[in-house]
Every structure is written in C-alpha cells, then in structure tokens.
Amino acid sequence: MSPKPHKNIHYNVALVDKLWNLKRLCEVHLKMHIPLNMVLKDEDYRHELLEKALSANDAELTALVWEVRQLEDSITSATHKGEQFKVAKKVKKGIRLSGLAMISCALLLILSGYLLRSFLPLNAGEVFVIQAISDTHIKPANALAHTAAANNGVLTRATTPLFRVHGSNTVGEKLAPRLVESYLMARGGANIKTEQGNSPVEKAVSAEINGRIEFVQIHAHGSSTAFTDLSDAKAELGMSSRRIKEQERELLMSKQGDMTEPGAEHIIGLDGLAIIVNNTNSVGSLSIPQLVKIFSGETTNWSELGGADRPITLYARDENSGTWDSFKSMVLDPAKASMSLAAKRFESSTELSDAIAKDEGAIGFIGLPYVRRAKLLAISATKTAKAIVPTHFTVSTEDYPLARRLYFYLPQKNTNAEAEEFVRFSATERGQSIVEDIGLVSQNIKTGQPYSNSFYPEEMRQLTNRSQRLSINFRFKDGSDELDTKAITDLERLVKYMETNAPKRVQLFGFTDDEGSNSDDRELSLRRAKVVEQALIARGIYPLVARGMGDEAPLASSKSEEGRRMNRRVEVWIL
C-alpha cells in the first residue's frame, strides 16, 4: 500500500535526497525522462513511479523504493510537519546506547550526503530547512544573523543588486528567474519573490539573506542587449540565445576580455528553434529552402506546399531577439534572403505562439518551450535530407538542423563574484534539472535512438548492434581539432556518467563533411575521434572503440557552412 498523500511530505531533507536518487536510477533502468518536480509534488505520480521501479527487478532500486516508503510513513505520522524527520512515538528509555549511536550516525550520514548536493529546482515559495544546507561551491548565508534580524523585525533592502543579468528573452523569460530563485535558496535565502519590473521582460528576484533583502535584476530585451549592456557596464552577466558575434567580441575585448574563451563563454542549455503552425494545418514537415521562400514572401499560399488553399500569415520575433538572430543566421542569411515586411513582430515568445494558435494560416518560429497550443513541424536541412522533429534528444545532440545553444557570458575582467557563483550553480546537475523542468534541453546525459540502424554504415551497425547512443556529440572549433567550449564541459559530464554506469564502455564514432576525398575524410574523422579518446583516457575513461566513419551518415548537405558543421561530429555510444 502506498502512504497517504501529505502536502508537505517533499519538504523532508532525507526524503528529497532519496527521491533524487530514485529519479536518477529509474531514468537508467526504465529508459524514460522523469520530471523531478512531479516526483516531489504529485503523490499519484510518485506512487506510480514506485510501482514501476519495483517491476524493474533491480536490487538497488527495490531497496531504495522501500526506504522511500518507510520515510513517507514516518513523515506522515511525524509530530512536526515540514521539519527534519521526527517520529511521533517517544523512544523508550530502555533503549541501548549503541542503538542511539547507530541512529545518530545514520542521520548524520544522510545530512552529510545532502550537503554535497546542489539545491533542488523547486518553485520559489517552496523553502524547506534550507538554512542548514548549502552546495560546496556556494557561499553559505549567516543563518543566525538572518534569524536575529527577522525576529527584531529589522530588514533593510539592498540599494544595488547582487548582480544584473541582461539579454535574451528566451533565457530571461522563464529560465533565468527560476535559476536565480534556486541559487538564492542555496545561499540560505528566505521569502523569495519574483517581481515584475517596468515592462513584461524586466524582473527582480529578491530574498531575505543576512537580515537584508537582496535582489538580482533580470532584463530580457534580447540577446544583442547582453553585449551592449556588458560593454556599458549596465550588467555583470549576459544571457544569449546565440553565440557572440565577432564585432561584439571585438567591442568587449579591451573592457571585459575575450568572451569566447571557456572561462567567459558558458553553455547553460540548448533549445530547438521550433517552426509552428496552426493545429488545423495539414502540412507536417518543411525543408529549410522552403522556409526561406515562406518567410521572404516568395511562397504566399499553403497550397504551394501541399496544404489547403489558404494565404500564409507570417509571425516573427522582434529585431532584438536572439530567436530572431538564430532564425536569420540559420535560415535566411545562407540564402541571402530577407524577412518579408508583412511579418507580424513580437517581443514576447508566449504572445507569438498564442497568436499562431488562433490563426489558421499562420506560421512562425519560436523556442521549443513556447510551442504551447500550436503544431510543431519536422524540419530537414534540404529537400532530400532527413526531416527531423525537434525533441529533447535530437536537440541535445544538435542533430536537429535548427538546434541552438543558450549562453551565459561572464566577463573575464572585473568579474562579479556572485555572478560567477551563479554561473557555476547553473552548470550543476541540479541547475540543469531546472533547465529541463521549464521545457528547454539540459546537458544532463540521456540515452536514446533517434534513427533506425539503416541510417549508419554497415561497419558501425555491427559495432553498435547492442549499444545505446548518448545525448551528446563532440564538436570542434572551426578549422581545428580543438574541442569547443561545450565539448570541454561535456567531457566532465561523460566521465561522471561512465563512473555511475560502470562497467559499460564508451564507443566513439567520428564523422566529417564530404569536402575531401573518401580517404582524407575517413582520416580526418578518425583523428577527431582519437582527440576525444585521448581526452577521456587522460581522465581515466578508456573507450572500447574509436573509429572514423568519414562522410557517411550526413545530417545535412555539406554545400553550406552550417551543413558542414552539423556533419563534423563525434557521436558517443555505450555498450
């Protein structure tokens, strides 16, 4: 029997820790994504998950299920709701000292284990015994000073923010506020609030810390404003849904350092640039050349694309938006095309998506979390290439032709310590869980099989017959065998993943574009696979296979720079 629901049951520290482990183990054994917030908040969902976990017939998972159920039963009968687990029954005086010592040690171990973890991605109002908990990389708040000030009713509000984060609406509308809320909780903050600013894209997240109301300013006017505000000292951290442009890099070089270096450029997650239409539209897929004709105004009726005889209405993000910059750079610029002046422009992603859902002739582009009630289309790089639906896996591997990285840019000069700690927090496994919770694509590693084996050459099919593909591709800096900034952090993620999933072994398969001869392409793809292999060996992970597949299994046409970039990759499989 599952325990009775208890609205505060997920506030218990020991239980939260076990539920986190339950989520991770179930994702490994059940091969499914499990939203942590659902496990914590939804009693029916948790009960169903526990039943599925038992059916996996794994000894470690079974033991964890019973530990969770015992804790739930204990908390339901606890005398103090929402506090550290205290059983209502009084302990008999006759109990032996050794028994007490064992219980004390067990509780200390639970708390110690929890102290090594980053804080969980819960909503700002859900604060639970966090004053006793902090991530090892985050400065602990002075709980005594905070308590004393609160008891005396003396709270002063800071006149300047801990840091200011400006830029992308895709990052700033939902993700940045949630990350800041959880970061402030991990700092020991209480009474955390997100307040609206002077416009819908301006927010302030505040918390009571050390007897003061501290706050973080978030302005999400578009990716280009990240770099102008960093240059003008109006922000300590920039957020962008595209990579910094060369002229922006040069503008910031003397003031803030090279923003393309690993210490300054941080990928915080990924997003798929979704192409959406009204749900009544019969068209299910489009190629990028077709998108060019649609958004430039050359194609004006859905009947030209196999749909109903209905005029096409264009919807697009505004000029400051990183979503617009990404669409322009990935779709329009390679074809030297311009956006039709007839397009309706929006500053808000949500408003754009909702408008398309009401217009039968509409088409627009949006970040993956904002599809909402519209219809999502599969996209191919060319008319003959494979049409791929943007999913968390195809975006995570960057196989989807309109996948994009989301960035934090932290100046190398005059670095704000709080902003730096916040960026570190955002990269942790718990921080990445927040990325996933709001519908973006985290960098936490998952397994999947997006294509049939026939997509790959025979040699690779034989080697991966019983393998699973991981949700990371290693890519390189342009024109070199040097790993890019995402690949460097992915190396560390892969090492942790393999340590957790031992004795499984890594298989590496390099691919390239078709610019050279077959032998040259094969040699280049092998060399890049070997670069990843050596980097893993240096970290104590010894791949089972490192092979070069040349220009086989192309994801896009190599006639464009973007297509060549997509085809140059090292895929990771495990056996």
**Student:** Go through the steps to decide whether Arg187 and Glu418 satisfy the test salt bridge (charged side-chain N to carboxylate O under 4.0 Å, His left out), and finish with yes or no.
**Tutor:** CA-CA 10 Å; Arg187 290 270 282 106; Glu418 289 281 357; 2.9 Å; yes
**Student:** Check this for me, if you would: do Glu492 and Lys486 make a salt bridge, where the nitrogen-to-carboxylate-oxygen distance has to be below 4.0 angstrom?
**Tutor:**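 Judged by the 4.0 Å cut-off on N to carboxylate O distance, Glu492 and Lys486 do not form a salt bridge.
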**Student:** Can Tyr407 and Ser241 be said to form a side chain to side chain contact (heavy atoms under 4.5 Å, CB included), step by step?
**Tutor:** CA-CA 6 Å; Tyr407 299 85; Ser241 52; over 6 Å; no
**Student:** Is a donor on one side and an acceptor on the other found under 3.5 Å between the side chain of Gln432 and the backbone of Ser426?
**Tutor:**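 It does hold such a pair.
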**Student:** For Gln468 versus Gln449, what's the shortest heavy-atom pair and its separation?
**Tutor:**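 In this case the closest contact between Gln468 and Gln449 is CA-OE1, 4.4 Å.
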**Student:** What pair of heavy atoms forms the shortest contact from Leu184 to Ser206, and how long is it?
**Tutor:**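 Smallest heavy-atom distance, with atoms named: CD1-C, 4.3 Å.
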**Student:** Is a side-chain donor or acceptor of Arg469 paired with a backbone partner of Thr447 at a separation under 3.5 angstrom?
**Tutor:**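 Answer holds: no.
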**Student:** Donor-acceptor pair, distance only, cut-off 3.5 Å: does the side chain of Thr394 make one with the backbone of Thr391?
**Tutor:**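 Side chain of Thr394 to backbone of Thr391, a donor-acceptor pair under 3.5 Å: yes, one is there.
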**Student:** For the pair Ser471 (side chain) and Gln443 (backbone), establish whether a donor and an acceptor sit closer than 3.5 Å, ignoring hydrogens and angles.
**Tutor:**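 Checked: no pair found.
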**Student:** Give, for atom OG1 of Thr489 and atom CD1 of Ile267, the distance between the pair rounded to the nearest 0.5 Å.
**Tutor:**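 So the OG1 of Thr489 and the CD1 of Ile267 are separated by 6.0 Å.
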**Student:** Using the salt bridge (Lys or Arg N to Asp or Glu O under 4.0 Å) criterion, which residues pair with Arg547? Sequence neighbours excluded.
**Tutor:**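 For Arg547 the salt bridge (Lys or Arg N to Asp or Glu O under 4.0 Å) partners, ignoring immediate neighbours, are Glu459.
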**Student:** Flag this pair as yes if the NZ/CZ of Arg569 is under 6.0 angstrom from the six-membered ring centre of Phe511 and inside a 45 degree cone about the axis; otherwise no.
**Tutor:**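 Relative to the ring axis of Phe511, which defines the angle, Arg569 lies inside both limits.
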**Student:** Taking only residues two or more places apart in sequence or in another chain, which ones pass salt bridge (Lys or Arg N to Asp or Glu O under 4.0 Å) with Glu265?
**Tutor:**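 Counting only residues at least two positions away or on another chain, Glu265 forms a salt bridge (Lys or Arg N to Asp or Glu O under 4.0 Å) with Arg243.
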**Student:** For Ala274 versus Tyr400, what's the shortest heavy-atom pair and its separation?
**Tutor:**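 Closest approach of Ala274 to Tyr400, heavy atoms only: CA-OH, 4.3 Å.
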**Student:** Quick one: does Arg539's side chain have a donor or acceptor within less than 3.5 Å of a partner on Ala535's backbone?
**Tutor:**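 Checking the backbone N and O of Ala535 against the side chain of Arg539, a donor-acceptor pair under 3.5 Å is found.
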**Student:** List in chain and number order the residues that pass side chain to side chain donor-acceptor pair (under 3.5 Å) with Ser285, two or more places apart in sequence or in another chain; answer none if no residue qualifies.
**Tutor:**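 None.
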**Student:** Side chain to side chain contact (heavy atoms under 4.5 Å, CB included) between Ser380 and Ile388: does it pass, once the steps are laid out?
**Tutor:** CA-CA 6 Å; Ser380 59; Ile388 300 172; over 6 Å; no
**Student:** So, the side chain of Ser396 versus the backbone of Val441: is there a donor-acceptor pair under 3.5 Å, distance only?
**Tutor:**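 Not at all, since once roles are kept as given, no pair shorter than 3.5 Å links the two residues.
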**Student:** Provide the closest heavy-atom pair for Ile574 versus Met498 in the form atom of the first, atom of the second, distance.
**Tutor:**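 In this case the closest contact between Ile574 and Met498 is CG2-SD, 3.7 Å.
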**Student:** Between Val216 and Phe163, is there a side-chain heavy-atom distance shorter than 4.5 Å?
**Tutor:**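 Heavy-atom side-chain distance check passes, below 4.5 Å.
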**Student:** To the closest 0.5 Å, what do you measure between OG (Ser467) and CD (Glu571)?
**Tutor:**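 Taking OG in Ser467 and CD in Glu571, the distance rounds to 12.0 Å.
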**Student:** For Ile366 and Val371, work out which heavy atoms get closest and say how close.
**Tutor:**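 Nearest heavy atoms, Ile366 then Val371: CG2-N, 4.3 Å.
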**Student:** Does atom CD of Glu60 have more than 12 heavy-atom neighbours from other groups under 6.0 Å away?
**Tutor:**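 No, not enclosed.
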**Student:** Between Tyr183 and Glu421, do the side chains contain a donor N or O and an acceptor N or O under 3.5 Å apart?
**Tutor:**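 There is no such pair (donor and acceptor under 3.5 Å, judged by atom type) between the side chains of Glu421 and Tyr183.
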**Student:** Donor-acceptor check, side chain of Asp271 to backbone of Leu440, threshold 3.5 angstrom: yes or no?
**Tutor:**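 Pair absent, no side-chain N/O of Asp271 close to backbone of Leu440.
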**Student:** Can you check whether Pro401 reaches Leu555 side chain to side chain, under 4.5 Å on heavy atoms?
**Tutor:**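 A side-chain contact under 4.5 Å is absent here.
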**Student:** Could you check if a side-chain atom of Ile537 sits within less than 4.5 angstrom of a side-chain atom of Pro543, using non-hydrogen atoms only?
**Tutor:**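 Yes. Closest side-chain heavy atoms under 4.5 Å.
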**Student:** Donor-acceptor pair, distance only, cut-off 3.5 Å: does the side chain of Ser168 make one with the backbone of Ser223?
**Tutor:**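 Pair absent, no side-chain N/O of Ser168 close to backbone of Ser223.
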**Student:** So, Phe509 versus Tyr456, ring centres under 6.0 angstrom or not?
**Tutor:**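 For Phe509 and Tyr456, the ring centres are not under 6.0 Å apart.
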**Student:** Report the C-alpha separation of Phe422 and Val180 in whole Å, then their side-chain angles, then the decisive distance to 0.1 Å, and conclude whether the side chain to side chain contact (heavy atoms under 4.5 Å, CB included) test is met.
**Tutor:** CA-CA 8 Å; Phe422 170 67; Val180 171; 3.7 Å; yes
**Student:** If only side-chain N and O atoms count, and only distance matters, is there a donor-acceptor pair under 3.5 Å linking Glu398 with Asn473?
**Tutor:**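 Looking only at side-chain atoms, Glu398 and Asn473 do not form any donor-acceptor pair under 3.5 Å.
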**Student:** So do Arg317 and Phe327 actually touch side chain to side chain, heavy atoms under 4.5 Å?
**Tutor:**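 Contact flag for Phe327/Arg317 side chains = no.
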**Student:** Would you please name every residue forming a side chain to side chain contact (heavy atoms under 4.5 Å, CB included) with Ser353, sequence neighbours left out?
**Tutor:**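 Testing Ser353 for side chain to side chain contact (heavy atoms under 4.5 Å, CB included), a comparison that skips the adjacent residues, returns Ile276, Arg372, Ala374.
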**Student:** Which atoms form the tightest heavy-atom contact between Pro262 and His266, and what is the distance?
**Tutor:**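 For Pro262 and His266, the tightest heavy-atom pair comes out as O-CE1, 3.7 Å.
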**Student:** Do Val545 and Leu508 have side chains that get closer than 4.5 Å, going by heavy atoms?
**Tutor:**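 SC-SC contact between Val545 and Leu508 ruled out.
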**Student:** Would you say the side chain of Ile363 lies within less than 4.5 Å of the side chain of Leu286, judging by non-hydrogen atoms?
**Tutor:**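 Side-chain contact under 4.5 Å: yes.
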**Student:** Atom CD1 in Ile356, atom CD1 in Ile275: separation rounded to 0.5 Å?
**Tutor:**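 The CD1 atom of Ile275 is 9.0 Å from CD1 of Ile356, to the nearest 0.5 Å.
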**Student:** Just checking, any donor-acceptor pair under 3.5 angstrom between side chains of Glu173 and Thr350?
**Tutor:**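 Glu173 vs Thr350: donor-acceptor pair found between side chains.
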**Student:** With sequence neighbours left out, what residues match Arg242 under salt bridge (Lys or Arg N to Asp or Glu O under 4.0 Å)?
**Tutor:**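 In terms of salt bridge (Lys or Arg N to Asp or Glu O under 4.0 Å), with neighbours along the sequence ignored, Arg242 is linked to Glu248, Asp325.
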**Student:** Working to the nearest 0.5 angstrom, can you tell me the gap between Lys375 NZ and Asn279 CG?
**Tutor:**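 Going from the NZ atom of Lys375 to the CG atom of Asn279 covers 7.5 Å.
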**Student:** How long is the gap from CD1 on Ile268 to CG on Leu179, to the nearest 0.5 Å?
**Tutor:**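 Rounded to the nearest 0.5 Å, the CD1-CG separation comes out at 6.5 Å.
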**Student:** State whether the side chain of Gln196 and the backbone N or O of Pro200 hold a donor-acceptor pair below 3.5 Å, judged by distance alone.
**Tutor:**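 Checking the backbone N and O of Pro200 against the side chain of Gln196, a donor-acceptor pair under 3.5 Å is found.
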**Student:** Quick one about Thr323 and Arg404 (side-chain donor to acceptor, distance below 3.5 Å, no hydrogens or angles considered), yes or no?
**Tutor:**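 There is such a pair (donor and acceptor under 3.5 Å, judged by atom type) between the side chains of Arg404 and Thr323.
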**Student:** Between the side chains of Asp484 and Arg405, is the shortest nitrogen-to-carboxylate-oxygen separation below 4.0 Å, so that they form an ion pair?
**Tutor:**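 Looking at Arg405 and Asp484, the cut-off is met.
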**Student:** Answer whether the closest heavy-atom distance between the side chains of Tyr451 and Asp399 falls below 4.5 Å.
**Tutor:**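 A side-chain contact under 4.5 Å exists here.
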**Student:** Does the pair Leu483 and Val532 meet the rule for a side chain to side chain contact (heavy atoms under 4.5 Å, CB included), with working shown?
**Tutor:** CA-CA 8 Å; Leu483 292 168; Val532 178; 4.2 Å; yes
**Student:** Please answer whether the main-chain N or O of Ile379 pairs with a side-chain N or O of Lys386 as donor and acceptor at a distance below 3.5 Å.
**Tutor:**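 No; judged by distance alone, with no hydrogens or angles, the pair does not exist.
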**Student:** Given the rule in the salt bridge (charged side-chain N to carboxylate O under 4.0 Å, His left out) test, do Glu195 and Lys203 qualify, once you have shown the distances and angles that lead to the verdict?
**Tutor:** CA-CA 6 Å; Glu195 300 166 341; Lys203 296 180 176 71; over 6 Å; no
**Student:** Holding to side chain to side chain donor-acceptor pair (under 3.5 Å), I want the full list of residues that pass it with Thr464, two or more places apart in sequence or in another chain.
**Tutor:**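 If we apply the side chain to side chain donor-acceptor pair (under 3.5 Å) test to Thr464, skipping adjacent residues, there are no hits.
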**Student:** Under 4.5 Å between any side-chain heavy atoms of Tyr542 and Leu536, yes or no?
**Tutor:**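 No, too far: nothing below the 4.5 Å cut-off.
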**Student:** Rounded to the nearest 0.5 Å, what separation is found between the CG atom of Leu368 and the CG atom of Leu273?
**Tutor:**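 Those atoms lie 9.5 Å apart.
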**Student:** Can Glu499 and Lys496 be counted as an ion pair, charged N to O under 4.0 angstrom?
**Tutor:**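 Between Lys496 and Glu499 there is no salt bridge, as every charged N stays at least 4.0 Å from the carboxylate O atoms.
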**Student:** Hey, mind stepping through Lys446 and Glu436 against salt bridge (charged side-chain N to carboxylate O under 4.0 Å, His left out) and telling me if it holds?
**Tutor:** CA-CA 12 Å; Lys446 300 171 280 291; Glu436 199 150 308; 3.4 Å; yes
